[in-house]
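One structure below.
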Amino acid sequence: MAALEVRNVTVTYRGRTGIKNASLEAESGEIIGFIGADGAGKSSLMHAIAGVHRFDGEISVFGEVYHTPKEAEKIKPHTGLMPQGIGLVLYETLTVSEHLDFFADIHSLHRDAAFKAYRDKLLHMAGLAPFTGRQAGKLSGGMMQKLSLICTLLHRPRLLILDEPTTGVDPLSRLELWEILDNIRKAEGTIVLVSTAYMQEAAKMDRVLLFDEGEIIARGTASALIESVRPYTYEEGICDKRSSTGKACFSFDKRSYTLENVDAAHAEPTLEALFFVNALQKKRTLPTIEIEAREHAIEMPPIVMEARGLTKRFGDFVADDHIDMQLRSGEIVGLLGANGAGKTTFIKMLLGLYPIDEGELSLLGKSIRSSEDRQALKAQIGYVSQHFALYNDMTVRENLLYFANMHRIAVPTALKRIERYARELGFADYMEYTPGELPLGINQRFSVAAALLHEPVVLFLDEPTSGVDTIARAQFWEMLHRLKTSWGISILITTHYMSEAEYCDRVVLLRQGRKVADDTVEALYRKHPDAKTFEDIFLNYYRSDA
Amino acid sequence: MRLSVIRAYMRKEFTELFRTKLIVMVYLLPFMIMLLFGYGIRLEVTHARTLIIDNDKSHLSRMLTEKFEHSKYFNAKETQMSEAEALHRIKQAKEDAVVIIPASFEKRILHGLKSEIGIFVDGAFPNRAMTIESYIEGVVLNAAQEAGALKKGASGGLIVINNRNLFNQAMRDADAIVPGLIGLVLLVAPAILAALLIVKEKERGTIFNFYASSLGRGEFLAAKLIPAFLLHSLNIFILFLMATKLFDVPFRGSFVLFWGAAEVYILISLSIGMLISVITNRQIVAVVLTVIITIIPGFLYSGILMPISSMVGESYVEAHLFPVMYFNHIVYDCFLGGMGLSSAKTAAYLGILVVYALILLGLGTLFLKKELK
């Protein structure tokens with residue numbers, strides 16, 4: 001009998017199927033990765049195994065069998081669950097050390113020397129030892145996730161369930177989270193179930209389960225799964241010919257995918273290929289994205305927006321320290337940096353949401369000084385915030401109309417534009433749904449539509465792709481590229497997916513409020529010849545002592 | 001139930017309460033309700049603007065007029081204007097009442113004949129009008145009694161009345177309202193706090209620490225309810241001091257009875273908050289729902305606005321369904337009556353409160369599930 005056995009588990013949420021007939025086995029010390037689009041059933045299965053949601057079927061952990069959350073009580077001393085969402089299990093006003101004390105107490109741990117040594121080891125691994133007195137609400141996203149993880153590890157669970165622990169976390173913190181996890185499972189023999197949206201991470205797991213529409217559709221080691229899709233993976237570029245003949249084909253991250261035999265060079269697949277091949281096999285067609293020119297043609301100057309020496313202080317803390325940046329017409333700029341490096345603060349200054357402590361800002365050659373200037377600035381800018389500020393009680397159409405009203409767009413014009421964007425950005429079928437009922441990928445596209453209603457000259461996107469599945473991300477980037485060419489708009493985007501950085505025309509890297517790089521991706525690769533991926537470049541900047 | 005676990009969870013609750021400054025609300029809300037309602041509600045009428053038309057100009061009529069002029073309840077003025085003019089002034093809302101003494105008033109009284117005094121009252125606010133009317137009647141009867149005493153032998157048809165008010169002899173508003181407010185405050189405030197403490201964790205996501213750990217349901221509830229219970233127990237004393245010192249309400253009964261009943265009552269309130277937290281997932285919804293569920297019955301059926309005994313039909317039944325009526329009976333007895341448990345009704349009501357608390361606590365524990373919905 002395996003240490004963890006899940007047999008035919010089905011979970012339903014208010015009549016909707018979360019996961020159907022899922023089975024899996026795992027042995028001590030194994031790390032099993034769950035991958036799949038959001039809503040594919042990963043969280044449902046995790047909740048069932050952790051005994052926090054009702055399910056049909058049977059689960060046995062270390063010989064203890066349970067069928068209900070009530071029966072699962074007996075394994076709870078031996079399990080740890082970290083649910084999805086940054087800092088979700090943390091209490092904002094409690095300090096790091098108070099959290100450790102609290103979690104130790106609710107698990108009735110004895111504060112002996114061994115406990116203290118283990119606690120210090122965890123703190124040290126998480127790099128939180130210098131911050132034991134800091135309140136959780138004042139930690140960066142990456143630190144919050146590391147604290148959540150060590151709190152979950154404190155009672156030495158033998159089964160660890162982590163639901164997207166790294167989503168929205170910067171590459172450096174992600175690496176550190178992985179090191180903690182790897183050390184612990186080796187030292188403690190823990191079974192680890194972990195879901196992730198980052199395929200590089202999934203590749204490090206012992207086994208990977210691919211979820212789609214409430215079912216586990218593929219499983220195996222990462223390399224075996226990658227082999228299975230090798231025949232369908234080609235060098236980028238075959239799709240242009242395909243799509244003209246109406247055949248299904250996807251392109252993303254320098255690769256193209258099709259089920260047909262094509263006389264072209266094969267590329268080395270990654271786990272992301274699984275999603276595309278699955279979509280092709282299920283004959284899913286994606287809406288084509290075509291973006292026409294803006295209604296009111298305007299002469300775009302070469303430099304749309306310029307920041308000189310922009311500085312923001314919160315008390316003694318300098319969030320942004322004299323940052324210069326130019327945003328040019330028809331250019332996508334990637335703003336990268338660890339959690340807490342000052343990206344969101346910088347964007348909020350550009351938006352006129354935060355007063356600028358020092359420095360100068362100009363839009364379309366006009367300096368922004370007075371509050372009227374700032375008002376005019378907002379009319380020229382489109383902004384999609386980290387969490388898509390949508391109203392959950394209104395349908396997509398009502399949301400868009402509301403945003404059009406805010407920009408004082410005449411109703412006939414607004415209705416026409418909404419129809420047009422729905423068609424062009426491919427969400428016309430979802431107009432009568434509320435955002436809560438839709439997958440993140442759709443919400444993300446219609447948030448962009450809301451930000452474009454007033455035909456801005458600059459578009460700011462704050463982590464629009466966090467937690468969004470691979471195919472939706474591929475579509476999203478295709479949309480941005482089309483928007484850039486047909487509108488001549490300038491786009492500033494932040495992201496934690498380093499592979500997405502390569503889609504930007506230029507990359508600006510922030511570290512602790514300072515700009516440490518501002519260059520094209522090619523130039524950065526030339527500067528760092530030993531970097532294999534952009535992630536290596538990013539880590540180089542963060543690891544060197546600057 | 002592991003005491004060390006409950007203690008640790010409670011320590012966290014207290015730390016959060018202080019750091020999020022929610023503790024301010026725990027004491028400010030009851031204080032504000034007491035202050036605002038205590039000074040804000042006025043049921044008695046003073047300085048009613050009254051015109052007196054004396055068509056008799058006799059010794060007796062002058063005595064009657066003086067009675068009005070010397071009363072704190074009236075701002076009385078004798079006037080020469082005509083009846084029509086005087087009534088017009090009521091229409092213009094310049095006067096509250098007009099009293100008309102007929103000609104040969106004294107003569108008729110002395111001869112033992114009936115005499116009619118005209119009283120006109122502005123009925124725009126019926127309660128107020130009725131109060132004024134009864135005050136006027138009181139003054140007239142009082143005068144009639146004195147007149148009878150002065151002129152011995154002619155006391156034939158004159159009535160001797162004794163309109164003493166029991167329990168609240170001074171007829172002070174504060175005495176009537178403030179004890180009832182305690183019943184309102186102790187129903188609303190603990191319920192809000194209890195609902196918030198649980199729903200806050202649901203909204204934030206920290207509820208997973210309870211769902212996914214070996215923490216028992218009883219342990220979780222104890223850790224949530226005990227801090228709220230302790231903090232609000234202090235409010236019992238604060239409210240008592242406000243009532244007796246600030247509003248000068250007399251306290252005639254047993255403090256131990258008042259205190260004990262209040263603690264049971266707080267438990268009921270906490271259980272209502274806990275039940276609300278079972279069905280809501282958002283703090284704002286929890287607060288609004290708690291306010292609606294507690295304030296309306298807490299006020300309507302508190303006995304502040306009207307006595308329960310004078311209610312009929314549905315309202316009488318509803319009043320008996322909510323706990324506030326039983327508690328207020330005990331509170332009013334403690335402040336104004338002083339019978340204590342020797343009154344069978346008070347003892348029975350205390351018993352009802354205890355049963356109420358046990359049932360609600362049981363329901364809350366039953367419905368609280370350790371799983372996602």
Side-chain angles (χ1 to χ4, degrees), chain A residues 11 13-14 18 43-44 46-55 68-70 72-95 98-99 101-111 135-137 148 151-152 154-155 157 159-161 163 392, chain B residues 1-25 196-224 227 279 281-285 365-373:
Chain A
V11 176
Y13 283 99
R14 295 192 184 93
S43 297
S44 304
M46 290 187 156
H47 288 162
I49 298 173
V52 299
H53 198 281
R54 236 170 278 186
F55 61 91
T68 60
K70 206 168 180 156
E73 281 300 300
K74 57 189 178 239
I75 57 118
K76 284 184 182 172
H78 310 295
T79 56
L81 168 70
M82 189 172 150
Q84 189 178 351
I86 289 189
L88 202 73
V89 297
L90 303 180
Y91 302 93
E92 266 173 42
T93 53
L94 258 55
T95 65
E98 281 166 346
H99 269 97
D101 289 343
F102 173 69
F103 281 90
D105 287 335
I106 64 168
H107 289 115
S108 304
L109 300 180
H110 293 289
R111 311 274 185 91
Q135 294 188 3
S148 304
C151 286
T152 316
L154 206 58
H155 63 291
L159 171 62
L160 192 58
I161 302 163
D163 197 356
N392 267 323
Chain B
M1 289 278 223
R2 293 162 296 176
L3 282 180
S4 64
V5 172
I6 297 173
R7 204 165 47 229
Y9 211 112
M10 274 171 53
R11 193 181 315 123
K12 187 223 79 176
E13 291 299 324
F14 277 115
T15 313
E16 274 195 302
L17 272 167
F18 279 98
R19 294 209 184 135
T20 56
K21 308 206 166 54
L22 196 62
I23 188 83
V24 177
M25 197 206 74
L196 272 184
L197 286 183
I198 301 175
V199 177
K200 187 178 67 187
E201 297 227 17
K202 279 194 180 178
E203 189 173 311
R204 275 278 304 162
T206 44
I207 195 76
F208 274 105
N209 294 336
F210 163 51
Y211 289 161
S213 73
S214 53
L215 201 66
R217 290 193 306 162
E219 289 164 350
F220 177 75
L221 282 181
K224 286 289 174 191
I279 52 169
N281 290 316
R282 293 272 168 270
Q283 293 188 60
I284 184 75
V285 180
T365 332
L366 195 69
F367 287 135
L368 183 88
K369 287 278 182 299
K370 227 186 132 177
E371 58 188 87
L372 285 167
K373 262 192 291 203

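Below, read A as the first sequence line, B as the second, and so on, with proteins coming before strands; counting in each chain starts at 1. Being a predicted model, the structure only gives us computed values, none of them experimental.
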Chain A contact via B:Phe208 - which portion, at a heavy-atom distance below 4.5 Å: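 For B:Phe208, the contact with chain A is made by the side chain alone.
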Chain A contact via B:Arg11 - side chain, backbone, both or neither, heavy atoms under 4.5 Å: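 Only the side chain of B:Arg11 comes within 4.5 Å of chain A.
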Neighbours of chain A found in residues 198-205 of chain B - heavy atoms under 4.5 Å: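 From residues 198-205 of chain B, the residues near chain A are B:Glu201, B:Arg204, B:Gly205.
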Using a 4.5 angstrom heavy-atom cutoff, name the option from [options] with the most pairs to chain B.
options	result
A:Phe103, A:Tyr91, A:Tyr13	A:Tyr91
A:His78, A:His99, A:Glu92, A:Lys74	A:Glu92
A:Met82, A:Glu73, A:Gln135, A:His155	A:Glu73

Can you find a heavy atom in the side chain of [X] that is under 4.5 Å from one in the side chain of [Y]?
X	Y	answer
A:Thr79	A:Leu81	no
A:His107	A:Leu154	no
B:Ile6	B:Met10	yes
A:Asp105	B:Tyr9	no

Salt bridge (Lys or Arg N to Asp or Glu O under 4.0 Å) partners of B:Arg282, counting only residues at least two apart: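 Scan of B:Arg282 (salt bridge (Lys or Arg N to Asp or Glu O under 4.0 Å), adjacent residues dropped) gives none.
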Counting distance only, does the side-chain N/O of [X] pair as donor-acceptor with the main-chain N or O of [Y] below 3.5 Å?
X	Y	value
A:Lys76	B:Tyr211	yes
B:Lys12	A:Glu98	no
B:Glu219	B:Arg2	yes
B:Lys370	A:Pro69	no

Pick one of side chain, backbone, both or neither for [X], based on which atoms fall under 4.5 Å of a heavy atom in chain B.
X	value
A:Thr95	both
A:Pro83	side chain
A:Arg54	both

Heavy atoms from other residues, nucleotides or ligands near CZ of B:Arg7 exceed 12 (cutoff 6.0 Å):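 Open: at most 12 neighbouring heavy atoms sit under 6.0 Å from CZ of B:Arg7.
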For chain A, the option from B:Leu372, B:Val5, B:Ile207, B:Thr15 that forms the most heavy-atom pairs under 4.5 Å: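 Of B:Leu372, B:Val5, B:Ile207, B:Thr15, B:Leu372 has the most heavy-atom pairs under 4.5 Å with chain A.
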